[in-house]
Structures are given as C-alpha cells and as structure tokens.
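So you know, we letter chains A, B, ... as the sequences are listed, proteins then strands, and number each from 1. Below, each value reflects all heavy atoms present in this structure, side chains not excepted, and no hydrogens, waters or symmetry copies.
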2 protein chains.
Amino acid sequence: MSKSGTTTPARATIRTVAADAGVSVAAVSKVLRNAYGVSDGLRDKVQKSIEKLDYRPSTAARGMRGRTYTVGVLLVELRNPFLPSVIDGVQRTLGKANYKALMGVGEARAKIEQSLIDSMVDMRMDGLLLVAPRLSGDRLARHAQRLPMVVIGHHEPTAALFDTVNSDDRRGARIAVEALLTRGHKDVHMISMPEENAAQNVYREREYGYRDAMVAAGLADRIRFWRQKERFAQPDGTIDALLESPDRPPAVFCWSDIAAVELINKAAARGINVPEDLAIIGYDDTPTAALPLIGLSSMDQHGTQIGELAAAALLSRIEGRTVPEHRLIEPGLILRRST
Amino acid sequence: MSKSGTTTPARATIRTVAADAGVSVAAVSKVLRNAYGVSDGLRDKVQKSIEKLDYRPSTAARGMRGRTYTVGVLLVELRNPFLPSVIDGVQRTLGKANYKALMGVGEARAKIEQSLIDSMVDMRMDGLLLVAPRLSGDRLARHAQRLPMVVIGHHEPTAALFDTVNSDDRRGARIAVEALLTRGHKDVHMISMPEENAAQNVYREREYGYRDAMVAAGLADRIRFWRQKERFAQPDGTIDALLESPDRPPAVFCWSDIAAVELINKAAARGINVPEDLAIIGYDDTPTAALPLIGLSSMDQHGTQIGELAAAALLSRIEGRTVPEHRLIEPGLILRRST
DNA sequence: ATGAAAGCGCTAACAC
DNA sequence: GTGTTAGCGCTTTCAT
C-alpha cells in the first residue's frame with residue numbers, strides 16, 4: 001500500500017527488502033553483489049523478496065561506496081560509420097558481464113569530450129571506453145589515472161595507464177595501396193586529414209602505411225597527400241581540387257570512406273570513369289560503400305571484434321588488471337568496382 | 001599533498017571546499033545550485049576555492065537527494081540515419097541549460113530498452129528522452145509516471161503523462177505520394193514495415209498519409225503495401241520480390257530511406273530505369289540519398305529542430321510542467337533524380 | 001553465517 | 001545570510 005490515493009508506491013529500498021525477508025540490510029547487500037558468506041537459505045529468502053517488491057538497487061547510492069556496474073562510452077561523432085559495429089561488440093560483451101554502457105557524444109571536440117568524461121566520472125562509472133577521442137595522449141593518461149580506461153581508434157602502443165584496441169591501420173593502408181600498385185598505377189595519391197593534429201590518430205597510421213607501400217615500390221617521389229579540413233563529414237573543396245587538378249592521379253587511397261564516397265560521387269558527376277581513369281580505395285567498409293551504385297573498395301576494420309576486445313579489456317581492468325594491453329586487429333580488403 | 005608517493009590526490013569534496021573557503025557545507029551547496037540567499041562575498045570565496053581545488057560535485061551523491069543535471073537519451077539503433085541530427089539538436093539545447101545527455105542504445109528491442117531505462121532511472125537521471133522506442137504506450141506511461149519524459153518518433157497525441165515531438169509523418173507521406181501522383185502514376189505502392197507492430201510507429205502514420213493521398217486521388221483500389229520484416233537495416237527479400245513481380249508498380253513510396261536506398265540500388269542492378277520505369281521517394285533525407293550516384297528524393301524531417309524542441313520540452317517538464325505537449329513538425333520534400 | 005553501525009558526498013530543513 | 005544536522009540508499013568493516 002502507498003500513502004495516498006493514486007500516488008505511485010514509493011520505490012523499494014534495500015531496507016524494505018531486508019524487512020520483508022526478515023534479514024539485515026548487510027545480508028541483502030551481500031546477496032546483491034553475490035559476495036562471499038551467505039547461506040543458500042538466506043539467499044533464497046532475499047531473492048524472493050526482491051522479486052516480490054520489484055526491487056532494483058539505486059546505482060546512484062551504489063556509486064557512493066562501491067561499483068555502479070556501468071561504464072561510460074565516449075563516441076566521437078554519431079555520423080561516424082565505424083561506430084555501430086563497434087558498439088554492437090561492446091554491448092554484447094558488457095551485457096554478458098551484467099554491465100551497462102551509457103554513452104556520450106563528443107561532437108569531435110576536445111572540450112565537449114572533456115566535459116562528458118567529467119560527467120561520467122562524476123556519475124562514478126566503473127570504467128571508460130573512448131572511441132576515437134580527440135583528446136591528447138596526456139589528457140587521456142590523466143583520466144586513466146583515476147579509473148579503468150580503454151581507448152579505441154587511438155594509436156599509443158606505449159601508453160602505460162590505459163589499454164588500446166585498434167585496427168592495424170598502417171598494415172591496412174599498405175594492403176590497400178599495394179592493391180592499387182598491383183593494378184599498374186604509379187601515381188597513387190592519398191586523401192587524408194590535417195597534418196597538425198594528434199599524432200595518434202588513425203589516419204596518421206594510415207599515412208605511414210601509404211608511405212611504406214610507396215617506398216617499398218620505389219615510388220617515394222610520387223608520394224602526395226591531399227589534406228581535407230577538419231570539419232567532420234563536411235565537403236571542403238579538397239576533393240574538387242584534386243579532380244580538377246592537371247596532376248589528377250590515376251589512383252587514390254582515402255583515409256576513410258567518408259572521403260572516398262565523396263570522391264567517387266564527384267568523379268561520376270564529372271564524367272570521370274572509375275576505375276579506368278580513377279581507381280579508388282576507401283577505409284571502413286561502410287554500408288554505403290557496399291551499395292551497387294557506389295561499388296567502392298574499402299578496408300574492413302572488423303569493428304564488432306574491436307568492440308568486443310575493448311569491452312573485455314575494460315572489464316578485466318575493472319577487475320584489477322594494471323599491466324597495459326595494446327591490441328591490433330588485422331583488417332581485410334574488400335574489393336569492388338572502384339579498383 | 002597526498003598520502004603517499006605517486007598516488008593521485010584524493011578528490012575534493014564539498015567539505016574540502018567548505019574548509020578551504022572557511023564556510024559551511026550548506027553555503028557551498030547553495031552556491032553550487034545557485035540557490036537563494038548567499039552574499040556576493042561568500043559566493044566569491046566559494047567559487048575561488050572550487051577553482052583552486054578543481055572541485056566538481058559528485059553526481060552520484062547529488063542523485064541521492066536532488067538533481068543530477070543529467071538526462072537519459074534512449075536511441076533505437078545506432079544505424080538509424082535519423083539520429084545524428086536529432087542528437088545535435090538535443091545536445092545544443094541541453095548544453096545551454098547546463099544539462100548533460102547520456103545515451104543508451106536499445107538495439108530496437110523492447111527488452112533492452114526496458115533495462116536501459118531502468119539503468120537510467122537507477123542512476124537518478126532527471127528526465128528521459130526516448131527516440132523511436134519500441135516499448136508500448138502502456139510501458140512508456142508507466143515510466144513517465146516516475147520521471148519527466150519526452151518521446152520522439154512515437155505518435156500518441158493523447159498521451160497525458162509525457163510529451164511527444166514528431167515529424168508530421170502523415171502529412172509528409174501524403175506530400176510525397178502526391179508528388180508521385182502528379183507525375184501521372186496511378187499504381188503507387190508503398191514499402192512499409194510489419195502490420196502487427198505498435199500502432200504508434202512513425203511508419204504507421206506514413207501509411208495513413210499514403211492512403212489519404214491515394215483515396216483523395218480516387219485510387220483507393222490501387223493501394224498496396226509491400227511489408228519488410230522487422231530486422232533492422234537487413235535486406236529480407238521483400239524488395240527483390242517487388243522488383244521481380246509482374247505487378248511491379250511504376251512508382252513506390254518507401255517508409256524510410258533505408259528501404260528506398262536498397263530499392264534504387266537493386267533496381268539499377270536489374271537495369272530498371274529510375275525514374276522512367278520506377279519512380280521512388282524515400283523518407284529521412286539521409287546523406288546517402290543526397291549522393292549524386294544515388295539521387296534519391298526524400299522527405300526531410302528537420303531532425304535538429306525536433307531534437308531541440310524535445311529537449312526544451314523535457315527541460316520544462318523537469319522544471320515542473322505537467323500538462324502534456326504534443327508537437328508536429330512540418331517535413332519538406334527534397335526532389336532528386338529518382339522522381 | 002549474520003547483523004549493527006559507520007560512513008560515502010551531497011541537499012534541505014531548520015536554527016541562529 | 002549563514003551554519004548545523006539529519007538523512008538519501010547503499011557498501012563495508014567489525015562484532016557476534
């Protein structure tokens with residue numbers, strides 16, 4: 001019964017449950033966390049009362065002493081096509097361990113990321129999973145000092161305080177570029193992002209892979225970058241410039257499908273034949289790349305696997321592991337019409 | 001200084017701040033919430049100490065008594081192209097009011113949604129913003145009873161306990177279908193979703209709009225639905241069936257770009273000319289629809305605006321409003337090659 | 001194996 | 001205008 005009329009019944013607390021089951025709150029707490037030292041009989045009584053009263057522990061209250069069984073996941077930007085599969089993997093792994101993920105969207109801006117991470121810490125989340133953060137390695141380390149942390153899409157294999165899980169971007173880029181070179185192209189260019197940004201970005205690694213392949217093929221002098229502005233998923237003229245340039249290359253490797261899709265579309269709009277006059281390979285193997293009308297070759301990063309491994313790493317860190325783990329996942333080239 | 005060696009300094013609490021500023025904890029608390037009755041002098045002292053100690057209140061502790069200044073946002077499915085713009089609007093509006101959004105991804109399954117909402121409630125979030133939930137109206141009402149709630153992408157204009165903000169899907173569908181009828185097509189079919197599902201889904205409203213337009217044009221007998229299976233963004237043969245049917249219509253209105261993009265691609269793969277032999281209009285105006293190689297006509301829902309209005313509604317509910325608000329946003333038709 | 005009781009870091013009466 | 005203090009709902013020693 002509740003106090004009056006149509007008011008919703010007050011939410012059951014650990015005390016309500018203890019009273020109903022005729023045991024102490026400490027006993028209920030132990031059952032909740034299935035801690036050591038409770039008899040089967042007691043456990044049963046408590047379980048029954050929990051069901052009966054539809055009791056669920058307050059995460060807020062828990063956060064003041066113990067765990068919240070919740071991890072914070074920071075996403076760069078919702079439009080990033082790499083995210084859905086990663087999150088699938090994360091949720092699956094977390095769910096098995098009875099953990100929940102609550103996410104924040106950083107809008108690709110360090111300031112916002114910072115404040116979101118603060119919120120997650122303030123909420124006493126048990127760990128942090130960052131996906132392609134813009135925050136510098138220093139800042140990341142600072143946060144990692146305070147709670148378990150795993151980072152995806154950020155290459156820092158020497159980081160001591162947090163784990164990283166990444167696609168082997170350097171290798172992936174090399175594989176893609178080699179596929180272009182195999183077709184007989186010499187002037188393979190790369191569309192990438194601004195040079196001044198964080199050295200640990202995935203596209204920096206992909207640039208290394210591109211260089212590796214070109215150098216290995218004796219084409220070091222043909223290396224050339226076309227750099228887009230930072231504005232996320234926002235055309236900035238770089239691709240138009242490339243297509244209209246007298247130096248237009250016969251083959252282009254793109255740091256992401258975001259760029260590659262724009263390139264293949266603008267090439268088509270100009271009547272440039274792909275792949276005859278312009279061969280293209282992108283990165284991320286987005287659903288768009290796979291559309292028959294697009295037919296874009298791309299690197300599959302195996303996002304789900306990355307998400308699973310990252311979540312597993314975070315859980316083991318929460319359980320106490322402190323030695324860092326840095327994993328690289330082998331990506332796979334998906335060849336389509338554009339090559 | 002901290003206890004030992006390299007340990008990070010213990011986090012400042014409200015007591016630390018009070019001591020440093022030489023005032024009471026109540027005073028600090030008041031400054032924090034800028035509550036009534038604090039002198040400028042006191043406020044200044046406290047602010048300084050807060051800065052100096054880099055203090056930030058524990059949301060977990062706050063949640064036990066007052067507000068958390070955090071709202072939970074439940075997303076259907078990360079692959080839904082409608083989300084990014086909505087979230088942009090939500091974050092912008094929430095940010096201005098110094099609120100944070102933490103999101104959960106329901107994977108388009110009621111069970112998961114339920115558990116995520118529970119988590120958000122357990123965390124003592126101040127309000128809930130649900131985007132296209134699969135949960136029934138009853139369940140939604142149950143949650144709304146416990147805390148402020150606003151729902152996007154769920155048509156229930158009579159809901160008393162929560163607000164809704166939606167695109168005027170019925171009107172949007174009618175506009176789209178009329179555009180097809182204007183081109184002289186009589187057999188305009190619609191690709192939609194399963195019939196048995198929640199009556200408040202957006203695609204149900206779009207079906208009404210389709211019907212409206214057909215009936216108004218005296219074509220009630222030509223109404224025909226092709227229904228996809230529920231599996232999200234997963235081809236299920238419906239579209240192949242449509243394209244290979246002897247009754248293949250000359251024009252199709254799709255409940256979402258998810259279907260329309262598949263349709264236009266598979267049509268192309270079969271050598272069917274769009275729009276000559278098959279005119280198409282989708283819904284959501286996704287980035288993919290806008291690609292030159294796709295050129296898909298689509299309805300723009302003005303997602304950002306929806307997000308802003310929904311967030312504003314939630315904030316006003318948190319501030320105490322109880323009379324429900326149900327808003328419909330006028331969508332706009334974007335015509336491209338496919339029509 | 002079980003329970004009593006002391007907090008965790010805040011907010012909100014209430015007293016001064 | 002400012003301070004004292006009783007909780008909020010848990011977890012966690014420490015007794016028993």
Side-chain angles (χ1 to χ4, degrees), chain A residues 9-47 49-50 53-70 118-119 121-126 146-147 318, chain B residues 9-47 49-50 53-70 118-119 121-126 146-147 318:
Chain A
R11 197 179 154 136
T13 75
I14 197 171
R15 253 176 277 272
T16 329
V17 176
D20 183 90
V23 302
S24 72
V25 291
V28 179
S29 177
K30 284 193 175 164
V31 172
L32 252 27
R33 297 169 289 122
N34 48 73
Y36 174 81
V38 267
S39 69
D40 287 358
L42 191 147
R43 183 184 305 282
D44 276 5
K45 277 192 294 187
V46 172
Q47 297 282 27
S49 295
I50 288 178
L53 300 171
D54 190 27
Y55 166 76
R56 286 200 336 277
S58 153
T59 309
R62 278 187 150 173
M64 296 196 63
R65 301 305 250 97
R67 297 190 182 174
T68 54
Y69 300 98
T70 308
D118 283 345
S119 294
V121 173
D122 296 344
M123 285 227 146
R124 296 290 184 272
M125 295 192 165
D126 295 342
R146 303 205 153 275
L147 79 176
I318 290 174
Chain B
R11 198 181 153 134
T13 76
I14 196 171
R15 253 176 275 273
T16 330
V17 176
D20 183 271
V23 302
S24 72
V25 290
V28 179
S29 176
K30 283 192 177 168
V31 172
L32 251 29
R33 297 169 288 123
N34 48 72
Y36 175 78
V38 268
S39 68
D40 287 358
L42 191 149
R43 182 183 306 282
D44 276 4
K45 276 192 296 188
V46 172
Q47 298 283 27
S49 294
I50 288 178
L53 301 171
D54 189 28
Y55 166 75
R56 286 201 338 276
S58 153
T59 309
R62 279 188 148 173
M64 296 197 64
R65 299 309 248 101
R67 297 191 182 171
T68 54
Y69 300 97
T70 307
D118 283 345
S119 294
V121 173
D122 296 345
M123 285 228 148
R124 297 291 184 271
M125 295 193 166
D126 295 342
R146 302 205 155 276
L147 80 174
I318 290 174

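- Judged as a side-chain hydrogen bond (donor to acceptor under 3.5 Å, both in side chains), and not counting sequence neighbours, the contacts of Thr68(A) are Asp126(A).
- Heavy-atom contacts of chain B under 4.0 Å fall on DNA chain C between two terminal nucleotides, which in 5' to 3' order are dG9(C) to dA12(C).
- Applying the salt bridge (charged side-chain N to carboxylate O under 4.0 Å, His left out) test to pairs two or more places apart or on separate chains, those with a residue in residues 58-69 of chain A are Arg67(A)-Glu319(A).
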| query | Reading nucleotides 6-12 of chain D 5' to 3', which nucleotides get B (base under 4.0 Å from a protein heavy atom), which S (sugar-phosphate only), which -? | reply | -BBBBBB

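- Applying the side-chain hydrogen bond (donor to acceptor under 3.5 Å, both in side chains) test to Thr16(A) and every residue at least two apart in sequence or in another chain returns Thr13(A).
- By the salt bridge (charged side-chain N to carboxylate O under 4.0 Å, His left out) test, Asp118(B) pairs with Arg56(A), sequence neighbours left out.
- Listed here is the closest heavy atom pair of Ala27(B) and Leu42(B): CB-CD2, 3.8 Å.
- Closest approach of Gly63(B) and Arg124(B) over heavy atoms only: O-CG, 3.5 Å.
- For the atom pair OG (Ser24(A)) and CD1 (Ile14(A)), the distance works out to 8.5 Å, reported to the nearest 0.5 Å.
- Pairs passing the salt bridge (charged side-chain N to carboxylate O under 4.0 Å, His left out) check and including a residue from residues 11-35 of chain B, sequence neighbours excluded, read Asp122(A)-Arg11(B), Asp20(B)-Lys52(B).
- Non-hydrogen atoms lying under 4.0 Å from DNA chain C are contributed by nothing in residues 35-45 of chain B.
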| side-chain contact (heavy atoms from CB on, under 4.5 Å) between Met123(A) and Thr59(A): does it pass, once the steps are laid out? | CA-CA 9 Å; Met123(A) 285 227 146; Thr59(A) 309; over 6 Å; no

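- In the helix from dA1(C)-dT16(D) to dC16(C)-dG1(D), the end axes, each obtained as the rotation axis mapping the C1' atoms of four pairs onto the next four within a five-pair block, lie 40° apart to the nearest 10 degrees.
- Taking Ser119(B) as the reference, Lys100(A) meet the side chain to side chain contact (heavy atoms under 4.5 Å, CB included) condition, with sequence neighbours excluded.
- Heavy atoms only, all atoms of each residue included: Leu147(A) and Met125(A) are closest at CD1-O, 3.3 Å.
- Qualifying side chain to side chain contact (heavy atoms under 4.5 Å, CB included) partners for Ile50(A), counting only residues two or more places apart in sequence or in other chains: Val17(A), Leu32(A), Val46(A), Gln47(A), Tyr55(A).
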